[in-house]
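Notes to accompany the following structure.
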Amino acid sequence: MAQMERNVNLEEIDADALFGIDALKGQSFLQKLIFFGCLSAGILINVCLPMFLKIPRAVCVLLFLLLLFVGIAFGCNYTQDLTYGKYLYCYFFKTAVTLTYESTEDVRVIRKNAEKIKKEEEAILLRERGKDPGEQRKLLVKLITFIVVFAVTILSVVLFATARKKENIHHEAVILETMEREEENE
C-alpha cells in the first residue's frame with residue numbers, strides 16, 4: 001500500500017481554530033452552538049424538505065444559505081472580540097462609540113530601559129574611540145614581530161630544503177664520478 005509522507009510543522013497549526021479556520025478561533029460555547037446548530041439545521045432542511053414535503057430545491061437552497069448566514073454572522077468571529085454580525089453592524093451603521101486603546105505597560109519603565117540601553121551604547125562607543133594609543137602601539141609591535149618571525153621561519157625552512165637538495169645532488173654527482181673512475185680503472 002502506498003503511503004504518503006507529509007511534512008507538518010506543528011508550530012504552524014493553530015490548535016484554537018477548528019479545521020484551521022480563523023473565524024472558528026476563540027468561540028464561546030454559545031457561538032459554537034449557534035454555528036453548528038444553524039449548519040445542521042440547514043443541511044437537514046436541504047435534504048428533508050424536498051423528500052417529505054416536496055418543496056422545490058431552490059427554496060431549500062435559499063433556506064440553507066439563510067441559516068448558514070445566520071450561523072456565520074453570530075457564531076463566527078471576525079476578530080477575537082468581534083463576531084461577523086457585530087462587525088457588519090459596525091460597518092454599515094457607523095457607530096458613534098469610539099474605542100480607545102490604553103497601553104498596559106508603564107511608559108516610565110519603558111523610557112528608563114531605553115535610556116539605560118542608550119547609555120550602554122554610548123559607553124561602548126567611548127571605549128571603542130578612546131582606546132589607549134600605547135596599547136595600540138604594543139599590539140602593532142606584537143603583530144610586526146609575529147610577521148617577521150613567521151617570515152624568517154618560512155625563509156629558513158625553504159633555504160634549508162633547497163640546500164639539502166643541493167647536497168644530495170652534489171653527493172650523487174660524487175658517487176657517479178667515483179663509479180665512472182672505477183669503471184675506467186677496470
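Index from 1, following the sequence.
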- Query: So which heavy atom on L67 is nearest to which on C38, and how close?
  - Reply: O-CB, 3.3 Å
- Item | Listed partners of K138 passing side-chain contact (heavy atoms from CB on, under 4.5 Å), at least two apart | E135
- List the atom of I72, the atom of Y84, and the distance in Å for their closest heavy-atom pair. O-CB, 3.7 Å
- Establish whether L88 and V70 are linked, either directly or via other cluster members, by ILVMFWY side-chain heavy-atom contacts under 4.5 Å. no
- Sequence neighbours excluded, the answer for ring-ring contact (aromatic ring centres under 6.0 Å, His included) partners of F92 is none
- Separation between CG of L140 and CG of L143, rounded to the nearest 0.5 Å: 6.5 Å
- Would you say F69 and V61 are hydrophobically clustered, going by side-chain heavy atoms of ILVMFWY under 4.5 Å? yes
- Item | E115 side-chain N/O to K112 backbone N/O, donor-acceptor pair under 3.5 Å | no
- Task: Apply salt bridge (Lys or Arg N to Asp or Glu O under 4.0 Å) to R57 and list each qualifying residue two or more places apart in sequence or on a separate chain.
- Result: none
- Query: L63: what forms a side-chain contact (heavy atoms from CB on, under 4.5 Å) with it, not counting sequence neighbours?
  - Reply: I45, L49, V59
For a quick test of your reading: what N or O donor-acceptor pairs under 3.5 Å do the side chains of residues 144-160 make, sequence neighbours left out?
{"residue": "T145", "atom": "OG1", "partner": "V141", "partner atom": "O", "Å": "2.7"}
{"residue": "T153", "atom": "OG1", "partner": "V149", "partner atom": "O", "Å": "2.7"}
{"residue": "S156", "atom": "OG", "partner": "V152", "partner atom": "O", "Å": "3.1"}
{"residue": "S156", "atom": "OG", "partner": "T153", "partner atom": "O", "Å": "2.8"}

- For the atom pair CG (N77) and CD (Q31), what is the distance rounded to the nearest 0.5 Å? 4.5 Å
- Item | With C48 via side-chain contact (heavy atoms from CB on, under 4.5 Å) - residues at least two apart | L44, F52
- Partners of F74 by ring-ring contact (aromatic ring centres under 6.0 Å, His included), sequence neighbours excluded? none
- Using side-chain contact (heavy atoms from CB on, under 4.5 Å) as the criterion, list what pairs up with S40, not counting sequence neighbours. none
- Task: State, with a plain yes or no, whether a side-chain heavy atom of I55 is found less than 4.5 Å away from one of C60.
- Result: yes
- Taking only residues two or more places apart in sequence or in another chain, which ones pass ring-ring contact (aromatic ring centres under 6.0 Å, His included) with Y89? F93
